*Asks:* 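Before I ask anything, here is the structure I am working with.
Since this is a predicted model, take the numbers as computed values, not measurements. Note that ligands are numbered from 1 as they come in the structure, with each ligand's atoms numbered from 1 the same way. Basis for what follows: all heavy atoms, side chains included, without hydrogens, waters or symmetry-related copies.
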Amino acid sequence: MFSSVPEFKAAFVSKLEMAYGTTFEESTRREQFQTLGTMIREQVSTNWIKTNEMYRISGKKQVYYLSIEFLLGRLLRHNLINLGIEQIVSKGLGELGIELDKLEEFEADAGLGNGGLGRLAACFLDSLASLNLPGHGCGIRYKHGLFEQAIVDGYQVELPEQWLKHGHVWEVRKGDEAEEILFWGHVESSIENGRLVFRHVNPEIVTAVPYDMPVVGYHTKTVNTLRLWNAEPSKFTAHSDILKYKKDTEAICEFLYPDDTHDEGKILRLKQQYLLVSASLRAIIKSFKKKKRSIFELHEHTSIHINDTHPALAVPELMRILMDDEGLGWDEAWHLTVNTLSYTNHTTLSEALERWPERIFRPLLPRIYMIVEEINERFCRQLWDRHPGSWELIESMAILAHGEVRMAPLAIIGSHSINGVARLHTEILKEREMNNFYRVFPDRFNNKTNGITHRRWLMKANPKLAGLITDSIGPGWIKDTLQLEELLQFKESGAFLEEIGSIKQANKERLASRILEKTGIAVDPASIFDIQVKRLHAYKRQLLNVLHIMYLYNRIKEYPNYDMHPRTFIFGAKASPGYYFAKKVIKLINSVALKVNNDPVVNGRIKVVFLENYRVSLGEEIFPAADVSEQISTASKEASGTGNMKFMMNGALTVGTLDGANVEITELVGRENIFLFGLSAEEVLEFQRNGGYHAQEYYHYDRRIRTVVDQLINGFFPDTGNEFSEIYDSLLSYNDQYFVFRDFSSYAEIQEQVGKSYLDRAGWLKKSLVNIAKSGYFSSDRTIEEYAKDIWHTEPVIIK
Ligand code: 26V
């Protein structure tokens, strides 16, 4: 490890010249980035090898986090920070005339995820390594991550993402550790030595090749592994149509979440899931067997975590390996399987719960299907013994029903632990959505409130604020984020509050120039930056936000002298390519922006900005610059949210419903430091159970609502024709299931309060300080410690 600036500079220049056969002076920025990345990876190698070696001999329990998504973002600066060499490198590069900030932009965001679920997996990896816990990620190396979003004429346009175009400097291909994965074919059984044995005959074989990435812990020698699998043609199958086989194989890891509205897409998706599970489990068992332990101790040495139901095939696959490959009987295999696996649920929305048509599942995975059938039959029999005659109940809990394989029941039945991701969410699972299962397995259910890594979302994203914190309370908070509470001692210090204020101001100025550069819109850094960034979904209610902006606009038009503190509304959101309604909302936001930003009467009091291609690296610029964090989902629908935590940690104040982790945020900061509005989860559930919501009534009795809703269809937006008639219909004709009108009035009221509170600068900064000080609870280190203690039963391994 280079320990001084001159040492770094010499090593960097010589490495670059050797690698590219060019002089330093003639090298390109990309070559410089590539060189730096390679250097860092090589630096890490020694500890990576050591860590693996220690894990092999230590006998400590290994955790494997199986996830179809890892939304990593960029790793260069993150790794520099964790290695403790950011200063040396940045200074050394500076002396060579290179800005680290500029070099960083040559790294593509690894965007192998859609949103919260994938980013959570990435934060967890960072916490595992930083806490010296033996935990590894297993995922898929998609050739194209989540699509790149462009906005053309206000519409979302999707472009294929190309993160591997210039290679990925952090990955190492491990060709020798490939696994063979079996699809299609059929199963034959026979009796051998008195045992029933199964053979998978005539399968289509696909080779899964691992690409490993080092996961560097913060100021520790631990380097864990993220293993991403790629599908390649196997040399073990003969094919009549080799070109088709090659094409089909390569398609498996081509895209994250291919469109699954058609059978072809569904098959691909299921292939991805089985490839991830089968390859990971085969490798895990191999690594376990190297320890020369009895297979009956598997669960004492290994935890396998199922992140959402996408890797739930781990249940039948582990059974298959234990029975067919290891020769165990059903009961022995089942005991090990359940005690090795654990499962996290991330949503209660029924449309997001995975089910596979049996007509696809059965031929694609014939042996796995047999095992699923057997698990289902045994479970249903067990239910029958408890509740004889309760057909309906049993049918509702079965894995196989109505020609479908249901993944959530499979995950629940096959895991010893099932957790929700915030307290309210877990309560809803236990009392409602999964109540039937909760009554059968009460001890399996538990809560693990989400968290975020403060190393990326505070130290990396907001170095000025992190610096101020360290200067004032010392560096202890970095290892123990609860120490952030010590900041509360400065609540009454005007000078300290001003420092927080001026850091926020600088971050807003930085975002303002980014906005100008990207959109051509000049926003005022003295205005309130009111931000909603997250996937676009009806339940997240970006629509409530935009209808409210329309109302503010109407008010200004009606009272041109209306006095309000200027506000900049900023949005960032990708809509699923097939999600028609969500795309309409994007178009609406952009139409409102066009109208509002160009009306001289508004005179800068409101501005609306849609930032295209929201992703991790853009988030890092956005969170530190926010005054107001919009967390306005229909209560009970947002499992947790994690953006809410990122905003809070950076001193933004939340405008939110009592949903997901907003509930815990409220408890921590107190009601005087958050802006709550709207229906409670109980009230929403009551509306859903017994009706009582009539959108028409709000339309008729609230003029503000009537005006904005009519504007969707009355030509208010020039040249948009019938563009927004579906939004109009969803709100009115279909009695909007997300209760936008019901919450409109209280939302408008609380927003009014936000505007007033902002005028009291000291008061606002005090609230901001409380939010920062109380955000330590939401470090993913706390979350991961809870998983390690309560679910995985694993402990740190200190690498010497
Ligand atoms: C997926 C889909 C796909 C089909 C269309 C509808 C739909 C709706 C929701 C989802 C969410 C999938 C799971 C997910 O990403 N959940 C998020 O997980 C985060 C980490 O636990 C959590 O903070 C978010 O509240 C939760 O939405």
Side-chain angles (χ1 to χ4, degrees), residues 65 67-71 111-125 127 146 256-261 265-266 269 273 305-312 343-355 407-408 411 418-426 428-429 433 447-453 457 532-542 573-583 585 619 629-648 656-665 681 737-738 778 780 783-784 786-787:
Y65 195 83
S67 179
I68 205 90
E69 300 188 12
F70 285 93
L71 193 39
L112 311 182
N114 280 286
L117 172 142
R119 184 53 233 177
L120 185 75
C123 285
F124 279 6
L125 290 182
S127 286
L146 185 61
L256 166 78
Y257 279 22
D259 180 4
D260 63 0
T261 44
K266 286 208 172 81
R269 186 78 191 275
Q273 297 189 352
H305 200 84
I306 304 175
N307 191 32
D308 217 295
T309 56
H310 318 122
Y343 154 63
T344 299
N345 172 283
H346 293 268
T347 184
T348 55
L349 295 188
S350 54
E351 67 267 38
L353 293 181
E354 285 194 299
R355 313 150 188 273
M407 301 301 265
I418 300 134
N419 74 282
V421 290
R423 201 200 305 136
L424 174 67
H425 170 60
T426 301
I428 292 174
L429 290 179
E433 301 299 326
N447 176 245
K448 294 287 166 282
T449 298
N450 282 167
I452 58 172
T453 168
W457 297 109
Q532 186 170 23
V533 284
K534 47 181 80 247
R535 284 304 296 270
L536 214 138
H537 200 289
Y539 83 80
K540 295 179 187 280
R541 297 200 297 192
Q542 281 94 350
K574 288 181 182 175
S576 258
Y579 193 171
Y580 185 75
F581 177 84
K583 289 181 155 179
V585 175
S629 152
E630 297 275 352
Q631 308 301 333
I632 59 178
S633 53
T634 309
S636 81
K637 303 293 178 204
E638 188 70 271
S640 159
T642 43
N644 46 2
M645 303 168 185
K646 292 164 199 164
F647 279 113
M648 173 193 187
T657 48
L658 271 175
D659 198 16
N662 296 355
V663 175
E664 282 128 301
I665 293 180
Q737 51 171 319
Y738 299 107
F778 295 112
S780 47
T783 314
I784 281 297
E786 290 178 8
Y787 275 86

*Asks:* Yes or no: does Tyr539 have any heavy atom under 4.0 Å from an atom of ligand 1?
*Replies:* yes
*Asks:* If you measure from OG1 on Thr347 to CD on Glu638, what distance do you get to the nearest 0.5 Å?
*Replies:* 8.0 Å
*Asks:* Is His537 in polar range of ligand 1, meaning some N or O pair under 3.5 Å apart?
*Replies:* no
*Asks:* Roughly how far, to the nearest 0.5 Å, is the CG atom of Asn644 from the CG atom of Asn450?
*Replies:* 9.0 Å
*Asks:* Which atoms of ligand 1 sit under 4.0 Å from any heavy atom of Ala639?
*Replies:* 25 (O)
*Asks:* Which of the numbered atoms in ligand 1 are below 4.0 angstrom from a heavy atom of Ser640?
*Replies:* 23 (O), 25 (O)
*Asks:* Which bit of Asn114 is near ligand 1, meaning a heavy atom under 4.0 Å away: side chain, backbone, both or neither?
*Replies:* neither
*Asks:* For Gly660, does its backbone N or O pair with a side-chain atom of Asn662 as donor and acceptor, under 3.5 Å?
*Replies:* no
*Asks:* Side chains of Gln631 and Lys534: is there a donor and an acceptor less than 3.5 Å apart?
*Replies:* yes
*Asks:* State whether a side-chain donor-acceptor pair under 3.5 Å links Asn447 with His425.
*Replies:* no
*Asks:* Taking atom types as modelled and ignoring hydrogens, do the side chains of Asp659 and Ser633 form a donor-acceptor contact shorter than 3.5 angstrom?
*Replies:* yes
*Asks:* Please identify which atoms of ligand 1 are closer than 4.0 Å to at least one heavy atom of Leu349.
*Replies:* 8 (C)
*Asks:* State whether a side-chain donor-acceptor pair under 3.5 Å links Thr348 with Glu433.
*Replies:* no
*Asks:* Taking the six-membered ring for Trp, is the centroid-to-centroid distance between Tyr579 and His537 below 6.0 Å?
*Replies:* yes
*Asks:* In the protein, which heavy atom is nearest to atom 7 (C) of ligand 1, and how far is it?
*Replies:* Ala352 CB, 3.7 Å
*Asks:* Please identify which atoms of ligand 1 are closer than 4.0 Å to at least one heavy atom of Gly641.
*Replies:* 22 (C), 23 (O), 24 (C), 25 (O)
*Asks:* Of the protein's non-hydrogen atoms, which lies at the shortest distance from atom 12 (C) of ligand 1, and what is that distance?
*Replies:* Thr347 CG2, 4.3 Å
*Asks:* Short N/O distance, under 3.5 Å, between Lys540 and ligand 1?
*Replies:* no
*Asks:* What protein heavy atom is closest to atom 4 (C) of ligand 1, reported as residue, atom name and distance in Å?
*Replies:* Glu351 O, 4.4 Å
*Asks:* Identify the protein heavy atom lying closest to atom 21 (O) of ligand 1, giving its residue, its atom name and the separation to 0.1 Å.
*Replies:* His346 ND1, 2.6 Å
*Asks:* Do any nitrogen or oxygen atoms of Asn450 lie less than 3.5 angstrom from nitrogen or oxygen atoms of ligand 1?
*Replies:* yes
*Asks:* Any non-hydrogen atom of Gly115 lying under 4.0 Å from ligand 1?
*Replies:* no
*Asks:* Have a look at ligand 1 and work out which part of Leu117, if any, has a heavy atom under 4.0 Å from it: side chain, backbone, both or neither.
*Replies:* both
*Asks:* Can you tell me how far NZ of Lys646 sits from OG1 of Thr453, rounded to the nearest 0.5 angstrom?
*Replies:* 10.5 Å
*Asks:* Do Glu69 and Tyr257 have side-chain atoms, one donor and one acceptor, less than 3.5 Å apart?
*Replies:* yes
*Asks:* Could you tell me, atom by atom, which parts of ligand 1 come under 4.0 Å of a heavy atom of Val421?
*Replies:* 21 (O)
*Asks:* Report yes if some heavy atom in the side chain of Lys448 is under 4.5 Å from a heavy atom in the side chain of Val421; otherwise report no.
*Replies:* no
*Asks:* Distance to 0.1 Å, residue and atom name: give those for the protein heavy atom nearest to atom 24 (C) of ligand 1.
*Replies:* Glu638 OE1, 3.4 Å
